[in-house]
Each structure stands twice: as C-alpha cells, then as structure tokens.
Amino acid sequence: KKINCTKFLLYFTKVCDTIQMENVYRENDYQKVITKMRREEEGMEQFAPKPEAGLICNIQRFCLHDGPGIRTAVFLSGCPLTCPWCCNPEAEKLRPVLLHDRKGCALCGLCTRNCPSMAVSIADGFWKLDSGRCTACGRCVDICPHDALELSGRVYSVEEAAEEVLKDRAFYDKSGGGVTISGGEVLMQAEFAVKLAEYLKKSGVHTACETTAALPGSAFEQLMVTMDYMMIDIKHYDAEKLWNICHADLQIISGNIKAA
C-alpha cells in the first residue's frame, strides 16, 4: 500500500510537537549534552582503551536498506542524541547494556543471588535493574537457565570485527554490497570506524556509514574521506524542533556537511 509522504510528514511533525521536553537555555543545555558524552567516553576506557578496539552493539547480516547491495551492518555503541523514536535504544550508552526478556524470565532469582554489585532485584513480581550499579560483568547472563538476559555490546579489535563481517563476502561480491558502519552514532567511535573501514577497503570491500553528523570536530571529515558511501540521517529539518526533541544542533550538522 502506497503512503502519502506529505501527509505522513505532517503527521510525524505533529507527533514530534506533542513530545514535551525540558525548557532549558539552549547553550547551557548543549554543554550538558557534551559533558554527558565526555563522561561516557571516559567510561569507555574500561571496555575499549585503544582506538584499535571498539564497542559493537550488534552485527546484523543480510541488510537491504543500509546502502547498495546486500550488506552486513555493524552497529557501534554510543549516541549523544535523545530521539524518543530511536530504533536502537540499546546502543545509546557507550558501554555494554544488560537486556532483559520479560516473557522468557521465570523470576527464579538466580541472577539476583549471583550479581556481585547487587544491581538486579525482584520486587512485586517484577524484575528490576539498577543501571547505576550494573558493571556489565555478564555473570547473570551466564547463570540464567532461561536465556532471558543478554549483554548488548562487546569489545572487538579491528581484526576481529573485520574477520566477522568478511564471512559474508560472497554476498557482497555477488550483489555489489559491502559493510555499513552504523550505530548508535558512529562519530562517538570515529577512530575505530575509520580503522575498520580502511582495513575492509584493503580487502576490496565496499564501505558505507550511517551518521547524524551531529558532533563537532574533524571526525566527520575523516569518515567522509574514508568511506565509499555516506548516509546522513537528519532527524528534523526545523532547527528548534531538532534541538528540543533530539538535542542535536542543525548548525553543526550543516557545518559538517559544508566542510566535507
């Protein structure tokens, strides 16, 4: 069934208008976003202390909408934006995230008794996680007999990530596809993304990148130079709405595009 794009855009804009965000002075609020990003970058050191290592949320095969041909998408962890419609919320944090399958959970309590940081609890018939306490050690995942827990986010070296995606090379060669690096926001781990793309290009693999271009600095230009194909996801065309909803600055985005 065909969709009227104009009507959909108007409806989508109205939905965005109904989302209530905090009214904080823009400049000060932007500094909060940058501070949050810097703190997460510092926290990243315990998981991936070198640019040759990156935190990957997921590797998804046989993707048909992330660039030309059949592709493998590498989703990096970490994103400073606050989009309420985010399709990969588990990739927001620049650290491994514990995921819980409520339907698969039997509330047996094994995870609560084996969590060294006491981050997991069961109360009033519900499984609860204190994300501030959780260290993503994975002990609860290993002990769960129902596979109801999963850690989203694993550290890969460039070579390990390349080895994983090159398993699908036959599909790239036949379809004119390749590897797309996405997120999260790729700019949060730009150095790792560039090194992975360079490694893959030496192997003759087409590389693409999905980014919001929403962070300042030279990282975006480095991605533009390295990647064969770029996709820029601008969350909203109205600067004020873009800021109020997603905490992204349209001037930074347009500046990155112009500079590249």
Side-chain angles (χ1 to χ4, degrees), residues 29-60 66 73-99 131 136 151-158 160-162 165 179-200 207-227 230-235 242-243 245-257 259-260:
D29 213 9
Y30 181 71
Q31 291 303 319
K32 289 182 181 179
V33 174
I34 295 298
T35 301
K36 174 189 172 186
M37 183 185 73
R38 298 300 178 215
R39 284 176 181 170
E40 293 201 346
E41 284 179 342
E42 291 172 2
M44 176 71 173
E45 293 179 2
Q46 62 178 304
F47 302 110
K50 300 178 181 178
E52 289 78 13
L55 189 62
I56 295 178
C57 172
N58 187 26
I59 296 178
Q60 184 173 315
D66 298 284
V74 178
F75 294 93
L76 304 184
S77 296
C79 182
L81 273 61
T82 58
C83 309
W85 57 80
C86 179
C87 57
N88 296 315
E90 71 277 9
E92 179 183 342
K93 300 293 184 182
L94 196 56
R95 53 170 293 169
V97 175
L98 184 62
L99 304 180
S131 56
L151 268 182
S152 174
R154 177 194 151 186
V155 175
Y156 285 79
S157 68
V158 171
E160 287 173 333
V165 299
V179 175
T180 298
I181 304 176
S182 185
E185 171 49 57
V186 177
L187 292 174
M188 293 284 281
Q189 299 189 61
E191 196 167 356
F192 173 75
V194 167
K195 289 182 180 296
L196 176 58
E198 290 174 344
Y199 190 102
L200 293 172
T207 59
C209 177
E210 290 179 314
T211 176
T212 63
L215 294 180
S218 61
F220 180 78
E221 189 174 352
Q222 293 174 353
L223 288 176
M224 286 288 292
V225 171
T226 307
M227 301 293 172
M230 288 286 290
M231 292 166 280
I232 301 174
D233 182 7
I234 300 177
K235 303 297 183 179
L242 177 65
W243 175 257
I245 297 169
C246 303
H247 282 83
D249 193 323
L250 192 58
Q251 289 185 347
I252 291 176
I253 296 171
S254 59
N256 279 334
I257 296 172

Write down the atom of [X], the atom of [Y], and the distance for their closest heavy-atom approach.
| X | Y | result |
| --- | --- | --- |
| Gly183 | Ala91 | C-CB, 4.2 Å |
| Ala193 | Met227 | O-CE, 4.0 Å |
| Val155 | Ala53 | CG1-CB, 3.9 Å |
| Pro96 | Leu55 | N-CD2, 3.7 Å |

Would you say the side chain of [Y] lies within less than 4.5 Å of the side chain of [X], judging by non-hydrogen atoms?
| X | Y | result |
| --- | --- | --- |
| Glu90 | Leu99 | yes |
| Ser152 | Asn58 | no |
| Leu215 | Ile252 | no |
| Ile253 | Leu242 | yes |
| Val97 | Leu151 | no |
| His247 | Pro80 | no |
| Tyr156 | Ile59 | yes |
| Phe192 | Ile56 | yes |

Say you draw a straight line from [atom1] of [X] to [atom2] of [Y]; how long is it, rounded to the nearest 0.5 Å?
| X | Y | atom1 | atom2 | answer |
| --- | --- | --- | --- | --- |
| Asp233 | Cys83 | CG | SG | 7.5 Å |
| Leu223 | Asn256 | CG | CG | 10.0 Å |
| Ser131 | Lys93 | OG | NZ | 6.5 Å |
| Ile232 | Ser254 | CD1 | OG | 10.5 Å |

- [ ] Go through the steps for Gln189 and Leu94 under the test side chain to side chain contact (heavy atoms under 4.5 Å, CB included), then give the verdict.
- [x] CA-CA 9 Å; Gln189 299 189 61; Leu94 196 56; 3.7 Å; yes
Open item on the list: Listing request: all side chain to side chain donor-acceptor pair (under 3.5 Å) pairs with a residue in residues 214-226, at least two apart in sequence or in separate chains.
Closed with: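 Qualifying pairs, neighbours excluded: none.
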- [ ] Decide side chain to side chain contact (heavy atoms under 4.5 Å, CB included) for Glu198 and Val158; before the verdict, give the C-alpha distance in whole Å, the side-chain angles of both, and the deciding distance to 0.1 Å.
- [x] CA-CA 10 Å; Glu198 290 174 344; Val158 171; over 6 Å; no
Task: Side-chain (Thr180) to main-chain (Asp66) donor-acceptor, under 3.5 angstrom - done: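 Yes, because the side chain of Thr180 sits within donor-acceptor range (under 3.5 Å) of the backbone of Asp66.
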Open item on the list: Strictly distance-based, threshold 3.5 Å: is any side-chain N or O of Glu185 a donor or acceptor partner for the main-chain N or O of Thr212?
Closed with: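 Yes; at least one donor-acceptor contact below 3.5 Å.
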- [ ] Please step through side chain to side chain contact (heavy atoms under 4.5 Å, CB included) for the pair Met230 and Phe220, ending with a clear verdict.
- [x] CA-CA 10 Å; Met230 288 286 290; Phe220 180 78; 3.7 Å; yes
Open item on the list: Walk me through whether Lys235 and Leu81 qualify under side chain to side chain contact (heavy atoms under 4.5 Å, CB included).
Closed with: CA-CA 10 Å; Lys235 303 297 183 179; Leu81 273 61; 4.2 Å; yes
